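The structure appears below as structure tokens.
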Amino acid sequence: LGSGSAKAYTSGLRIGAGNYNGNIDEFAVFDGDKTSLASTIYNAGVPADLTGLDGLEHWWRMGDGTRPAADGTNNLVFDQVNTSIGSDIADADPFSGKWTNYTGNTVSYPSGTAVRVERPSSGGNSQGAAADLTSGGILQSTPAAGTTLKISFVLTTDDSDVYANIYNGSSFVQSTAGGGAKTVYLTMTGSGFVRFGNLDASKFVELSNISVEQVNGSPALLTNGAALNSSVPPTFSRKSVSFDGTDDYALVSHNSDIA
């Protein structure tokens, strides 16, 4: 339990950065002096439910969060103070004319409600086609760096290996392979796009029912190997995040929600 004078927050909060070698659980940020709540928060060293405590601004359960998705989903730990999801910012028509095929593939827009990519029996490209996650692409507005998105869609395909591959400006996050409803969470670092991966020859994939929503609150991204630990300490039978004391941390991107 720590306290002190506020410092300017301009480049992101790094939990566990530096030389910390160990585990962190139930990391919370309060507004103001909470000396009077110290015993309640500490709870004899047993993690307590902080919901409703005065001045609680952010609370990362470091493995035990469940909303808007389970901690660890796409390497994110979710802020449990604000678990709401914003409105859909996908364009009214995120398909027709918005996707660029890779050489040799064929792109079409069945009924204007999906994008369909077919790869020929010879040649073509396993990445299928791509569309930008910008206001000039398939979105109504371009997400700012630090924004975490929930991207949901349906894949219809005859290829059990194909997946959606979503770029956040610096790295890719993959959906699960094959057909069905998919949901991917990622934090934007710059201009992003959606494309496919592992589309085999003579196969097709269709993407439909896409929605793109902002995750409110302040999710933390497990970075450089920071990882969920299933039970530390073992007597608590709950999760925490492990740090190796070198270069790993949980990054909360700088945004207006935390200052």
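As the structure is a computational prediction, the values presented were derived from the model and not from experiment. For reference, positions follow the sequence shown, starting with 1.
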- Given side chains that start at C-beta, do those of Ile41 and Phe30 come closer than 4.5 Å, heavy atoms only? yes

- Query: Do any N or O atoms from the side chain of Asp64 and from the backbone of Lys239 form a donor-acceptor pair under 3.5 angstrom?
  - Reply: yes

- Has the side chain of Thr83 got a donor or acceptor atom that lies under 3.5 Å from a matching backbone atom of Pro68? no

- Pairs flagged by salt bridge (Lys or Arg N to Asp or Glu O under 4.0 Å) wherever residues 167-184 is involved - sequence neighbours left out: none

- Message: For Asp93, give me all partners under side-chain hydrogen bond (donor to acceptor under 3.5 Å, both in side chains), at least two apart in sequence or on another chain.
- Response: Ser96

- How about Phe204 and Val117: do any of their side-chain heavy atoms sit closer than 4.5 Å? no

- Do you know the tightest heavy-atom contact between Asp71 and Arg61? OD2-C, 4.0 Å

- Task: Check Leu139 against Ala90 and note the closest heavy-atom contact, atom names and distance.
- Result: CD2-CA, 4.0 Å

- Are side-chain heavy atoms of Val241 and Asn23 found at a separation under 4.5 Å? no

- Query: Does some side-chain heavy atom of Leu186 sit less than 4.5 Å from a side-chain heavy atom of Thr148?
  - Reply: no

- Message: Assess the residue pair Gln80 and Trp60 against the criterion (side-chain hydrogen bond (donor to acceptor under 3.5 Å, both in side chains)); give the C-alpha distance rounded to whole Å, side-chain angles, the decisive distance to 0.1 Å, and a yes or no.
- Response: CA-CA 6 Å; Gln80 296 300 288; Trp60 298 276; over 6 Å; no

- Task: Please name the pair of heavy atoms, one in Leu155 and one in Ser175, separated by the smallest distance, quoted to 0.1 Å.
- Result: CD1-OG, 4.3 Å

- Item | Partner residues of Lys203 under the salt bridge (Lys or Arg N to Asp or Glu O under 4.0 Å) criterion, sequence neighbours left out | none

- Message: Listing request: all salt bridge (Lys or Arg N to Asp or Glu O under 4.0 Å) pairs with a residue in residues 44-56, at least two apart in sequence or in separate chains.
- Response: Lys34-Asp54

- Item | Evaluation steps, side-chain hydrogen bond (donor to acceptor under 3.5 Å, both in side chains), between Asn168 and Ser170 | CA-CA 6 Å; Asn168 70 351; Ser170 58; 3.3 Å; yes

- Heavy-atom side-chain contact between Thr147 and Thr187 under 4.5 Å: no

- Non-neighbouring partners of Asp91 that pass salt bridge (Lys or Arg N to Asp or Glu O under 4.0 Å), sequence neighbours left out: Lys98

- Message: On a heavy-atom basis, which atom in Phe95 and which in Val115 lie closest, and how many Å separate them?
- Response: CD2-N, 3.6 Å

- Item | Co-members of Tyr185 in a cluster of I, L, V, M, F, W and Y side chains, linked at under 4.5 Å | Leu76, Phe78, Ile85, Val215, Leu221

- For residues 109-120, the salt bridge (Lys or Arg N to Asp or Glu O under 4.0 Å) pairs (sequence neighbours left out) are Arg116-Glu118, Arg116-Glu206

- Task: Please tell me if the side chains of Val154 and Thr156 come closer than 4.5 Å, counting only heavy atoms from C-beta onward.
- Result: yes

- Task: Before giving the answer on side-chain hydrogen bond (donor to acceptor under 3.5 Å, both in side chains), spell out for Asp25 and Ser240 the whole-Å C-alpha distance, their side-chain angles and the decisive distance to 0.1 Å.
- Result: CA-CA 5 Å; Asp25 193 15; Ser240 62; 5.9 Å; no

- Going by heavy atoms in the side chains, are Phe27 and Met62 under 4.5 Å from each other? yes

Please tabulate, for the side chains in residues 99-108, all donor-acceptor contacts under 3.5 angstrom to protein atoms that are two or more places apart in sequence or on a different chain.
| from | atom 1 | to | atom 2 | distance (Å) |
| --- | --- | --- | --- | --- |
| Trp99 | NE1 | Pro94 | O | 3.0 |
| Asn101 | ND2 | Asn105 | O | 2.9 |
| Asn105 | OD1 | Asn125 | N | 3.0 |
| Asn105 | ND2 | Asn125 | O | 2.9 |
| Asn105 | ND2 | Gly128 | O | 2.9 |

- Message: Side-chain heavy atoms under 4.5 Å apart, restricted to Ile/Leu/Val/Met/Phe/Trp/Tyr: what other residues fall into the cluster of Phe193, or is it alone?
- Response: Tyr167, Phe172

- Query: For Ser211, what residues pass the side chain to side chain contact (heavy atoms under 4.5 Å, CB included) criterion, not counting sequence neighbours?
  - Reply: Asp88, Ser152, Glu213

- Note on the structure: Hits for side chain to side chain contact (heavy atoms under 4.5 Å, CB included) against Ser191, two or more places apart or cross-chain, chain-then-number order -> none

- For the residue pair Ala130 and Arg195, what are the closest heavy atoms and their distance? CB-CB, 3.8 Å

- Close side-chain approach of Ser126 to Asp200, heavy-atom, < 4.5 Å: no

- Restricting to pairs with a member in residues 150-159, which pass salt bridge (Lys or Arg N to Asp or Glu O under 4.0 Å), not counting sequence neighbours? none

